[in-house]
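These numbers were taken from a predicted model, which means no experiment stands behind them. Order of the sequence lines sets the chain letters (A, B, ...), proteins ahead of strands, with each chain counted from 1.
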Amino acid sequence: MDESVSWSRELGREIADHHPRPGTLDEAMEEAREQLFEQRRRREPKRTASRLMFLAAAAVLVLIFGGAAGLWHLRSRAMGFEVASNRGAVLKWVEPREGEETPLRFSDGSSVLLEGGSRARVVDVDAQGARFELGRGRAIVSVTHRAASRWVFEAGPYQVLVKGTQFNLAWDARIERFELVMRDGAVQVTGPLLAEPMAIVAGQTLVLQPPAKTASVSEPSSAPMPGFANGTLLAEPDTTGSPDPGAEPGSSQGKGGPASLTWSELARSKRHREAVDAAEAAGFSGICASAGGGDLLLLADSARFAGKGARAAEAYDALIRRFPGSSEAGRATFMLGLMASQSGNRLAALRWFERYLQQYPSGPFTREAMGRLLEAYHAAGDTSGARSVAQRYLATYPSGPHAKLAESVLARP
Amino acid sequence: MAATPGHFVFVEMLSPRLTRWPLDPQVAHRNAFRQPIMKAPVQTSAISNVIPFPDDASLAEAARRGDRRARTAVYDRHARHIGKVLAWLLGPDDHLADCIQEVFLEAFEHFGELRNLSALRGWLSTIAVHVARKRIRKRRRWAWLHFVSPDQVQDTAVEGRHPEAVEAVKATYEILDSMPVDERMVFVLRNVEGLELENIATTIEMSLSTVNRRLRRAEERFRAQAVRHPALRERVQGGARWTSP
């Protein structure tokens, strides 16, 4: 490239990296969207910095230091993070070599593990969360759930909005393939091929590839998740609670010699097919009848990840019967609805989602369950049921991912 | 109800005769199980509502017919790109949201003029250039009211963790603000957005030779001012980056 113009391209790329600030662009897009489609103007309080700047406009030095003081105040409340035990820097790319992995740990307990060959960076961080950009490769994510947390993960043209959850995120820039494997919780994804923000919950895998015009939502594979082969780099996501000390030792032991792993050890190592095989060898139903709530949930999730729906249903069903009202039973109720929905059993899905809403009105899956219930009524052609749920949904989640569907249901005569 | 080994345990299939609300937790375990939840492991399934508009041509076609869902999808699919283009052309500006809205309002009103449906993004970019040009000219007309109108106060859109980067972005746009609008457009589209010259010519509706000429002048003008600015001097003379690559 001609030297006389290479400086301008370099400069231009750096401008593009630093402007606009992602939060600014997001806010502008959201405001424009509301004005375009919802025809109401949102009252945006003037930003403190702009107000300070305006008031101090006649005194340039006061303007500079007042604005800087405001920024430092905000910055001092932001989370910190480490990259492989070193202090992390915003906008600095992290690129672990092939065969290596690099952990990023945040002060709120959240973590991201980057696989070798990946390229990613933290674009922004504040007290509520961070914005993370995956340039290429795969990241294994665990975000601490807090009431006010707000994380955004970008992979190519896709955005994943996160409140508190665990997932694997991959972006292949060469073929423009986006993959999201949900391990726990729920997220919302926006981007090409998606007509509207799409909610993805634990157990689902979303794959999008605009050039090939393909999109799919599926159960995850049973292959071990990379990055957890040795299980020591990051804390295991605690989806099941501690093992129940009341469980009979024999119910969780697999057959074979002392060196063979138990079904629960296999499940915790994400070797789901082997875990279910070991549980079946030890007596699947007996485990369902005697294991603690945490172990039962582990078994059920493992069976679902292994593609063994019937076994998953058996374990979830046992959870609900034996530990009614527990958080594990709530998750089981929701997952049964999800499985029914995915297999096309709309009426069963209705039943399970309604049960979840009745028994867990403020649970972690309440919004998702209500949205899925609306979908199920709508797909079943039950107008009155759909309208009833749509009204409830909009009253409770006016900006939720199913708000558009709810509005369209209510708009019909 | 305990399941015996080797038997599938099915989730009940709700009969339309049964009352759905409120639910009786015992009902699930009294009724006969009728169908398996999963007859076979569900590996993949095409989600019909995920890709109703698999490409821009089908999207533009539906939006042109007034399909509300398609228009929303046009926005959701392209707003980020258009927002970035506007931000790059305008620099820090409190009216970015208004400009984004204006681009899409124009598009929705003039969809009938879009001939090549596959070129939806490029067409939106052309509209964005028009909107940005209008906005820049308006800003310049009101520039003398800088200390009077709050609209003219630069917001904190460029705040970041690297003060050098913040200063350099601000300096860049100060220089761009002093340049003729068309030279500014060509400079930004080439160097910040990275468009090829032919694409710039299409987007900005100029001939290729005019684009070449204006780009050359813009870069000369920019460099002449940038070498006098501490935040940009090293960059235009081939110095260190603000941040590590």
Task: Spacing of CG belonging to A/L11 relative to CZ belonging to B/R223, to within rounding of 0.5 Å - done: 11.0 Å
Task: Atom group of B/R216 that falls short of 4.5 Å from chain A, counting heavy atoms - done: neither
Task: Nearest-0.5 Å distance that lies between atom CD1 in B/I100 and atom CD in A/E30 - done: 11.5 Å
Task: Set of ring pair (Phe, Tyr, Trp, His ring centres under 6.0 Å) partners for B/Y75, sequence neighbours left out - done: A/F37, B/F104
Task: Side chain / backbone / both / neither for A/E280 at chain B, heavy atoms under 4.5 Å - done: neither
TODO: Just do the side chain to side chain contact (heavy atoms under 4.5 Å, CB included) check on B/L96 and A/E27 with the steps written out, would you?
DONE: CA-CA 10 Å; B/L96 181 59; A/E27 285 171 14; over 6 Å; no
Open item on the list: Working to the nearest 0.5 angstrom, can you tell me the gap between A/M29 CE and B/I82 CD1?
Closed with: 10.5 Å
Open item on the list: Using 0.5 Å steps for rounding, measure from the OG1 atom of A/T190 to the CZ atom of B/R77.
Closed with: 12.5 Å
- [ ] Indicate the atoms forming the closest heavy-atom contact of B/W88 with A/P20, along with that distance.
- [x] NE1-CD, 3.9 Å
TODO: Could you grab the distance from atom CD of A/E34 to atom CD of B/Q101, nearest 0.5 Å is fine?
DONE: 11.0 Å
Task: Non-hydrogen atoms of B/A97 and A/A28 that approach each other most closely - done: CB-O, 3.5 Å
Task: Evaluation steps, side chain to side chain contact (heavy atoms under 4.5 Å, CB included), between A/W7 and B/Q237 - done: CA-CA 7 Å; A/W7 64 265; B/Q237 291 174 338; over 6 Å; no
Task: Closest approach of B/E219 to A/S8 (non-hydrogen atoms, all atoms of both residues) - done: OE2-OG, 3.1 Å
Task: Full working for side chain to side chain contact (heavy atoms under 4.5 Å, CB included) between B/V166 and A/H18 - done: CA-CA 8 Å; B/V166 171; A/H18 293 278; over 6 Å; no
Task: A/T24 OG1 to B/D93 CG distance, which is reported to the nearest 0.5 Å - done: 11.5 Å
